[in-house]
**Student:** 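Got a structure here, written out as structure tokens. Questions coming.
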Amino acid sequence: MPEALTKTFYIKTMGCQMNVYDSDYLAQRLMAMGMSPVDRPAKADFVLINTCTVRAKPEHKAATFIGRISQLKKHKPHLILGVIGCLAQHKGEELLKRFPAIDFAAGPREIEKIAELVQSGALGKRKILATSLDQPPPSLGIYNGYYKGKVTGFITIMQGCNNFCSYCIVPYVRGREVSRPPQDVIEEAKALIDQGIRDITLLGQNVNSYRWEEGGEIWTFPMLLKKVAGLPGLWRLRFTTSHPKDLSQELIDCFGELDNLCPHIHLPFQAGSDEVLKRMNRGYTRKQYMDLIQKLRLVRPEIAITSDVMVGFPGETRQDFEMTLDLIKLIEFDGLFSFKYSDRRGTLAARFEDKVPEQEKSERLQLLQTIQKDITIKKNKSLEGKEVEVLIEGPSARGKQLSGRTGTNKIVNFNCDSSMIGRLVNVYIKVAYASSLIGELREPLIESQ
Ligand code: SAH
Ligand code: SF4
Ligand code: F3S
């Protein structure tokens with residue numbers, strides 16, 4: 001790509017935290033090549049859209065955005081437009097045909113190639129489709145200063161999935177499980193901490209499957225977790241996502257042993273009926289899931305538990321659905337991401353015949369969300385009148401206050417000077433809502449960094 005034409009770039013990120021990590025990786029690569037980020041696509045010579053395809057909704061959102069950006073190219077013919085991420089992997093060829101403005105489509109395992117393509121000058125000359133799943137995740141020396149001013153950061157430690165839950169597209173778009181060398185993860189964590197990051201989340205489709213073998217030594221996820229937790233200057237450590245079928249006692253015990261491992265776990269259960277779990281190919285029963293929750297609460301009583309659930313999986317009867325509602329009421333999750341089952345082309349469940357009608361799915365979802373909302377509010381209300389530890393991350397969503405999170409991952413907004421961003425403080429909770437808590441600053445806990 002001729003240098004004069006590609007000075008500025010804009011990356012739009014959709015989907016999960018791993019896409020955020022990938023976009024940050026690419027941004028740092030492009031900056032290291034001398035390009036500069038801009039805050040609007042209209043200002044950029046190079047626009048990358050990092051997409052998700054886990055359900056129909058994010059797929060439609062991505063297509064709408066691609067359509068909008070395609071319009072830009074009418075006024076700016078030299079604009080290079082790339083669609084990357086999981087939808088590019090899943091439907092790259094179709095996208096290139098449907099949107100002639102797209103110059104290239106590249107899957108999530110090809111992010112290193114994108115940087116190479118930029119350097120080689122190949123972009124914009126011909127259409128490119130890059131969807132190999134063979135490459136391991138790349139590692140990079142962090143672009144100096146990229147994370148300056150930020151308090152939280154992600155590190156992908158493994159990607160891909162071998163579980164093949166019958167509804168899920170992820171194993172097809174992220175490929176088979178592959179772990180990064182522990183030394184790379186540790187170096188990256190140190191570099192983030194050096195730039196001021198205090199709260200790190202280790203990412204993987206299934207972090208429990210992390211495994212690295214070298215010189216007769218085997219690294220498991222709990223080993224890596226302990227090593228990262230021990231790094232000086234790291235106040236908070238989190239991880240996501242872990243799969244209930246592989247949640248070992250050793251990992252559960254980490255919640256009791258590691259002071260800076262936050263008391264929060266995201267543990268998707270998907271369905272409350274054994275029959276549905278079996279057809280989802282999840283590899284655990286309702287009872288096993290409930291037992292895990294009990295063990296976690298035993299080791300760390302204040303642990304917040306969040307989860308993912310879907311309604312209307314093919315063949316889900318009213319009775320099955322009632323089992324899901326029952327589990328939600330029994331466990332009382334702190335928060336729940338709930339979805340209507342959505343067919344993904346190429347998955348096993350897409351071929352199941354006993355589909356639940358759309359209207360029925362919508363009704364089930366609405367009922368489930370109403371029940372969960374009351375639970376979330378009840379849990380949050382229990383914090384009213386108490387003091388909680390908050391790491392201040394930045395301005396609140398509405399911009400008027402500062403915002404941070406508790407170790408249990410609850411958002412707290414309160415009045416405070418912006419010079420306090422990055423500090424750990426005590427906040428008195430005045431009012432609790434379903435999605436955030438309103439508080440009052442009490443005192444800084446750590447005076448200097
Ligand atoms: N690796 C994670 C899940 C990643 S996908 C895990 O194993 O838990 C995030 C969530 O999207 C899933 O937990 C599931 O609830 C939902 N999901 C995935 N495929 C779906 C589909 N076809 N229809 C509806 N929801 C889906
Ligand atoms: Fe998808 Fe299941 Fe793998 Fe999670 S564990 S990414 S839901 S196949
Ligand atoms: Fe979506 Fe890919 Fe993440 S499909 S949820 S962006 S792994």
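Note that these values count all heavy atoms, side chains included, but never hydrogens, waters or copies made by symmetry.
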**Student:** How would you list, by chain and number, every residue that makes a side-chain contact (heavy atoms from CB on, under 4.5 Å) with Arg109, sequence neighbours excluded?
**Tutor:** Leu133, Gln159, Val178
**Student:** Can you list the residues that meet the side-chain contact (heavy atoms from CB on, under 4.5 Å) rule with Ser396, with sequence neighbours excluded?
**Tutor:**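 If we apply the side-chain contact (heavy atoms from CB on, under 4.5 Å) test to Ser396, skipping adjacent residues, the hits are Gln401, Ser403, Asn413.
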**Student:** Under the rule for side-chain contact (heavy atoms from CB on, under 4.5 Å), what residues qualify as partners of Asp308, not counting sequence neighbours?
**Tutor:** His266, Pro268, Gln270, Phe337, Phe339
**Student:** Determine, stepwise, if the pair Ile69 / Lys12 fulfils side-chain contact (heavy atoms from CB on, under 4.5 Å).
**Tutor:** CA-CA 10 Å; Ile69 299 296; Lys12 166 79 179 177; over 6 Å; no
**Student:** Which pairs with one or both residues in residues 272-308 pass ring-ring contact (aromatic ring centres under 6.0 Å, His included), sequence neighbours excluded?
**Tutor:** His243-Tyr284, Phe269-Tyr289
**Student:** When you check the gap from the basic side-chain N to the acidic O, do Lys287 and Asp291 get nearer than 4.0 Å?
**Tutor:** yes
**Student:** Any ring-ring contact (aromatic ring centres under 6.0 Å, His included) pairs touching residues 108-134, not counting sequence neighbours?
**Tutor:**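 For residues 108-134: none.
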**Student:** Return the orientation label for the Phe239 and Phe255 ring planes: parallel under 30°, perpendicular over 60°, tilted otherwise.
**Tutor:**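 Tilted: the ring planes of Phe239 and Phe255 meet at 30° to 60°.
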**Student:** Do Glu116 and Ser120 have side-chain atoms, one donor and one acceptor, less than 3.5 Å apart?
**Tutor:**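 Per modelled atom types, Glu116 and Ser120 side chains form no pair under 3.5 Å.
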**Student:** Using the side-chain contact (heavy atoms from CB on, under 4.5 Å) rule, take Glu188 and Val185 through it: C-alpha gap first, then chi angles, then the decisive distance, then the call.
**Tutor:** CA-CA 5 Å; Glu188 202 164 307; Val185 173; 5.8 Å; no
**Student:** My understanding is that only residues two or more places apart in sequence, or in another chain, count here; which of them pass salt bridge (Lys or Arg N to Asp or Glu O under 4.0 Å) with Glu213?
**Tutor:**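 Testing Glu213 for salt bridge (Lys or Arg N to Asp or Glu O under 4.0 Å), a comparison that skips the adjacent residues, returns Arg211.
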**Student:** The criterion is salt bridge (Lys or Arg N to Asp or Glu O under 4.0 Å); which residues satisfy it with Asp334, sequence neighbours excluded?
**Tutor:** Lys379, Lys410
**Student:** Would you list the pairs meeting salt bridge (charged side-chain N to carboxylate O under 4.0 Å, His left out) in which at least one residue belongs to residues 368-378, sequence neighbours left out?
**Tutor:**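 Salt bridge (charged side-chain N to carboxylate O under 4.0 Å, His left out) check on residues 368-378 returns Glu332-Lys378.
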**Student:** From the options Glu316, Glu322, Gln359, select the one residue that forms a side-chain hydrogen bond (donor to acceptor under 3.5 Å, both in side chains) with Arg364.
**Tutor:**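 Only one of Glu316, Glu322, Gln359 forms a side-chain hydrogen bond (donor to acceptor under 3.5 Å, both in side chains) with Arg364, namely Glu316.
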**Student:** Test Asp246 against every option in Asn206, Asn208, Asn163 by the side-chain hydrogen bond (donor to acceptor under 3.5 Å, both in side chains) rule and name the one that passes.
**Tutor:**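 When Asn206, Asn208, Asn163 are each tested with Asp246, the side-chain hydrogen bond (donor to acceptor under 3.5 Å, both in side chains) holds only for Asn206.
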**Student:** Strictly by modelled atom types, are Arg344 and Thr53 linked by a side-chain donor-acceptor pair under 3.5 Å?
**Tutor:**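 Result is yes, a qualifying pair exists.
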**Student:** Apply side-chain contact (heavy atoms from CB on, under 4.5 Å) to Arg286 and Asp326, showing your working.
**Tutor:** CA-CA 11 Å; Arg286 172 194 174 93; Asp326 184 61; 2.6 Å; yes
**Student:** Could I get the full list of side-chain contact (heavy atoms from CB on, under 4.5 Å) partners for Pro58, not counting sequence neighbours?
**Tutor:** Cys52, Val54, Arg55
**Student:** Should Leu234 and Leu192 be marked as a side-chain contact (heavy atoms from CB on, under 4.5 Å) after you check the CA-CA gap, both sets of side-chain angles, and the distance that decides it?
**Tutor:** CA-CA 9 Å; Leu234 183 63; Leu192 287 177; over 6 Å; no
**Student:** Show the numbers, then the answer: is there a ring-ring contact (aromatic ring centres under 6.0 Å, His included) between Tyr147 and Phe154?
**Tutor:** CA-CA 11 Å; Tyr147 291 96; Phe154 298 126; 9.5 Å; no
**Student:** Taking distance alone, no hydrogens or angles, what donor-acceptor pairs closer than 3.5 Å link side-chain atoms of residues 217-229 to residues at least two apart or in another chain?
**Tutor:**
none

**Student:** Pairs in or reaching into residues 92-101: which pass salt bridge (charged side-chain N to carboxylate O under 4.0 Å, His left out), with residues at least two apart or in two chains?
**Tutor:**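 Non-adjacent pairs meeting salt bridge (charged side-chain N to carboxylate O under 4.0 Å, His left out): Glu94-Arg345.
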**Student:** Taking only residues two or more places apart in sequence or in another chain, which ones pass side-chain hydrogen bond (donor to acceptor under 3.5 Å, both in side chains) with Gln369?
**Tutor:** Ser338
**Student:** So, Gln249 versus Asp253: side-chain donor-acceptor pair below 3.5 Å or not?
**Tutor:** yes
